[in-house]
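Below is one structure, written out as structure tokens; comments come after it.
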Amino acid sequence: MLPARFVNRCKLFPVDISAETLTLATPQPPDMQTINEIGLLLNKRIILITVSSHEIEESIKKYYGLGTIESIVLSATPVAIEEADIEGFQHLSVEAPVIKLVNAIIREAVEKKASDIHLEPYEKSIILRYRIDGVLYDISLPPPHLYPAIVSRIKVMAQMNIAEKRLPQDGRIQIKIHGKNIDLRVSTLPTIYDECVSIRVLDKGLEIFLNMESIGFSSMILDRYNQLIHRSNGIILVTGPTGSGKTTTLYASLARINSSEKKIVTIEDPVEYNLQRINQIQIKPEIGLTFASGLRSILRHNPDILMVGEIRDRETAEVAIQSALTGHLILSTMHTNDSATAIARLQDMGIEDFLISSTVIGVLAQRLVRTICSNCKGAGCKECNSTGLKGRTGIFELLPVSPRIKRLIVDRVDSSKIKAAAVEEGMVTLLEQGEEKIAAGITTREEVLRVIQEADMC
């Protein structure tokens with residue numbers, strides 16, 4: 001009976017209704033003209049109770065779904081702008097409501113610990129979504145009339161070309177929220193309706209990443225993995241789908257083996273976090289700085305340890321293998337479902353079997369599962385957005401390349417046989433580690449099955 005836009009503007013909240021009366025909560029002093037108009041319109045006698053403005057705002061957020069973002073949207077006026085009116089876009093990008101709205105979107109994402117912000121235009125609506133603990137949630141529906149101004153503001157902040165709407169663009173924003181340095185990686189894509197915007201949220205605080213136990217390693221797997229990363233040469237691969245925490249594991253590994261006696265160089269796309277005493281390089285394919293070409297140049301600096309963001313082609317794999325053969329420790333990632341499949345992927349790239357067996361010393365497959373909310377123990381509460389799950393932890397599968405595994409690689413056996421041999425030698429699979437964390441009350445069976453596909457269990 002009282003629409004969201006109305007209660008938000010008038011700061012009224014309906015708390016009870018009967019055949020004759022309507023009880024409204026209102027801050028002091030109430031706007032009696034508005035109160036009387038509501039009574040006449042609804043043919044009810046109005047009963048007032050006085051509460052604080054804060055209580056009104058919190059109730060509106062809870063029951064109408066109107067938070068800071070929606071409040072700003074409701075206060076903004078519609079905009080009309082021609083497609084080619086670049087000056088108009090520039091003007092809109094500095095309008096106070098638009099600045100407040102974009103700031104609120106970013107701030108709320110950081111407060112909710114979102115890893116991504118997605119703004120998606122459709123024919124008759126705009127959707128704002130946050131990715132929290134690996135899962136996307138619809139946050140609000142910004143009105144389409146504000147979308148050009150929102151996109152323009154984000155482009156200005158990211159130092160992108162606001163006039164270019166036909167091609168994808170990438171940019172970067174560095175801000176401070178609640179005293180924390182936040183790095184935002186912005187990407188736009190032209191769609192049939194407008195540009196969609198994706199923003200990766202990177203918290204520059206590294207404390208949690210420097211402790212490998214905190215990201216979910218069991219003591220047994222961590223002991224074995226520690227032995228590998230302290231080797232003087234060889235290739236260690238971390239595998240898993242996008243968003244499985246591979247880069248976090250690599251950074252934690254580098255932090256653990258970093259010392260004044262070792263020279264460490266990384267080549268990444270992008271450089272997500274800055275690490276002390278480590279030389280980090282951002283690839284730039286447009287000028288010829290690729291993983292492969294960068295690796296060749298890095299070797300001239302005589303490093304002890306190299307981190308390659310991803311091995312995605314034969315050229316990069318070949319340079320990494322040559323680096324390992326000449327006495328370097330290489331850490332890198334690949335997109336494969338499990339540890340054994342990484343061997344097959346290198347073979348598919350055309351790498352000789354004897355080179356793989358001679359250089360790859362271990363493969364770590366991983367996933368991230370959401371953990372049971374410590375506040376409500378899984379029942380669902382405000383802290384976990386009523387999901388019962390809050391935060392994430394890793395589940396891991398470590399395949400050390402033993403002499404037996406080396407022989408199987410040279411014999412070019414199927415990856416399933418390599419996995420079976422590794423299990424016989426004591427490897428704990430992703431599913432088994434997931435079951436351990438279910439038994440320990442850390443996560444749920446549904447969550448483990450969500451991140452481990454049926455093919456991964458074979």
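Values reported hereafter were calculated over all heavy atoms of this structure, with side chains retained and with hydrogens, waters and symmetry mates removed. Just so it is clear, the model here is predicted, and its values are computed rather than measured.
With Thr249 contributing its side chain and Gly245 its backbone, the two residues share a donor-acceptor pair below 3.5 Å. Side-chain N or O atoms of Thr443 include one that pairs as donor or acceptor with a backbone N or O of Arg370 at under 3.5 Å. Listed for the Glu55 side chain is a donor-acceptor partner under 3.5 Å among the backbone atoms of Ser52. Without hydrogens or angle criteria, Thr387 side chain to Cys384 main chain gives a donor-acceptor distance under 3.5 Å. Side-chain atoms of Arg345 come within 3.5 Å of backbone atoms of His335 as a donor-acceptor pair (strictly under, hydrogens ignored). Using a distance-only test at 3.5 Å, with no hydrogens or angles considered, a donor-acceptor pair links the side chain of Thr336 to the main chain of Asp338. Judged by distance alone, the side chain of Thr247 and the main-chain N or O of Gly309 form no donor-acceptor pair under 3.5 Å. Of the possible polar contacts, none joining the Gln174 side chain to the Leu184 backbone as a donor-acceptor pair under 3.5 Å is found. A donor-acceptor pair under 3.5 Å is absent between the side-chain atoms of His328 and the main chain of Asn233, judged by distance alone.
The CD1 atom of Ile56 sits 9.0 Å away from atom CG of Leu24, with the distance rounded to the nearest 0.5 Å. In this structure, OG in Ser187 is found 15.0 Å from CZ in Arg172, a value given to the nearest 0.5 Å. Between the CG atom of Leu2 and the CZ atom of Phe13 there is a distance of 10.0 Å, given to the nearest 0.5 Å. Note that CG of Asn258 and OH of Tyr251 are 13.0 Å apart. Values are rounded to the nearest 0.5 Å. One finds the OG atom of Ser415 at 10.0 Å from the CG atom of Asn337 (value rounded to the nearest 0.5 Å). Atom-to-atom distance recorded for Leu398:CG and Leu222:CG is 10.0 Å, nearest 0.5 angstrom.
Taking the side chain as every heavy atom from C-beta outward, Met220 and Gln433 never approach each other to under 4.5 Å. Put simply, the side chain of Ile361 does not reach to within 4.5 Å of the side chain of Ile235, judged on heavy atoms. Side chains of His54 and Pro27 form no contact here, defined as non-hydrogen atoms less than 4.5 Å apart. Between Asn103 and Lys100 there is no side-chain heavy-atom pair separated by less than 4.5 Å. Annotation: side chain of Lys437 is in contact with side chain of Ile395 (closest heavy-atom distance under 4.5 Å). Here the side chains of Ile215 and Thr393 are not in contact, with every heavy-atom distance at 4.5 Å or above. A heavy-atom distance below 4.5 Å is not found between the side chains of Val319 and Phe291. The closest side-chain heavy-atom distance from Val197 to His118 is not below 4.5 Å.
The minimum heavy-atom distance linking Gly216 with Phe396 is given by the pair C-CE1, 3.6 Å. Between Tyr137 and Ile132, the shortest heavy-atom distance links the atoms CE1-O, 3.8 Å. Ile311 and Met349 make their closest contact through O-CE, 3.7 Å (heavy atoms, listed as atom of the first residue, atom of the second, distance). In this structure, Ala340 and Ile418 approach most closely via the heavy-atom pair CB-CG2, 4.1 Å. Closest of all the heavy-atom pairs between Leu295 and Thr316 is CD1-O, 4.2 Å. The minimum heavy-atom distance linking His145 with Pro148 is given by the pair O-CD, 3.8 Å.
Using a cut-off of 4.0 Å between Lys/Arg side-chain N and Asp/Glu carboxylate O, Arg185 and Asp170 are scored as not salt-bridged. A salt bridge links Arg314 with Glu318: at least one charged nitrogen is closer than 4.0 Å to a carboxylate oxygen. Using a 4.0 Å cut-off between charged side-chain N and carboxylate O, Arg166 and Glu164 make a salt bridge. Ionic pairing of Lys246 and Glu310 is not present here: no N-O contact between side-chain nitrogen and carboxylate oxygen is shorter than 4.0 angstrom. Between Lys390 and Asp133 there is no salt bridge, since none of the side-chain N atoms of the basic residue sits less than 4.0 Å from a carboxylate O of the acidic one. Contact check on Lys113 versus Glu383 returns no salt bridge, with no Lys/Arg side-chain nitrogen under 4.0 Å from an Asp/Glu carboxylate oxygen.
Residues Thr444 and Glu447 have side chains that never bring a donor and an acceptor to within less than 3.5 angstrom of each other. Between the side chains of Tyr147 and Glu195, no donor-acceptor pair of N or O atoms lies under 3.5 Å. In the model, Thr429 has no side-chain atom that pairs as donor or acceptor with a side-chain atom of Glu397 under 3.5 Å. A donor atom on one side chain and an acceptor atom on the other are found under 3.5 Å apart for Tyr225 and Ser253.
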Exercise. Mind running salt bridge (Lys or Arg N to Asp or Glu O under 4.0 Å) on Lys417 and Glu424 for me, showing each step along the way?
Key: CA-CA 11 Å; Lys417 294 182 179 178; Glu424 289 178 8; over 6 Å; no
Exercise. For the pair Glu268 and Val271, evaluate side-chain contact (heavy atoms from CB on, under 4.5 Å) and give the outcome as yes or no after the intermediate values.
Key: CA-CA 5 Å; Glu268 309 171 54; Val271 175; 4.0 Å; yes
Quiz item: What's the verdict on salt bridge (Lys or Arg N to Asp or Glu O under 4.0 Å) for Lys262 and Asp304, showing C-alpha distance, side-chain angles and the deciding distance?
Solution: CA-CA 6 Å; Lys262 296 177 181 177; Asp304 300 290; over 6 Å; no
Practice problem: Test Asn161 against Lys155 for side-chain contact (heavy atoms from CB on, under 4.5 Å), laying out the working first. | Solution: CA-CA 7 Å; Asn161 183 0; Lys155 283 184 171 182; over 6 Å; no
Quiz item: Please walk me through it: do Arg200 and Asp183 pass salt bridge (Lys or Arg N to Asp or Glu O under 4.0 Å)?
Solution: CA-CA 8 Å; Arg200 181 82 184 275; Asp183 199 6; over 6 Å; no
Quiz prompt | Test side-chain contact (heavy atoms from CB on, under 4.5 Å) applied to Asp116 and Val201, step by step | solution = CA-CA 6 Å; Asp116 301 273; Val201 183; over 6 Å; no
Practice problem: Run the numbers on Thr266 and Leu306 for side-chain contact (heavy atoms from CB on, under 4.5 Å), then give the verdict. | Solution: CA-CA 5 Å; Thr266 74; Leu306 299 98; over 6 Å; no
Self-check item: Stepwise side-chain hydrogen bond (donor to acceptor under 3.5 Å, both in side chains) check, Glu120 with Tyr193
Solution: CA-CA 9 Å; Glu120 303 165 350; Tyr193 298 113; over 6 Å; no
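The environment of CD in Gln276 is sparse: at most 12 heavy-atom neighbours from other residues, nucleotides or ligands sit within 6.0 Å.
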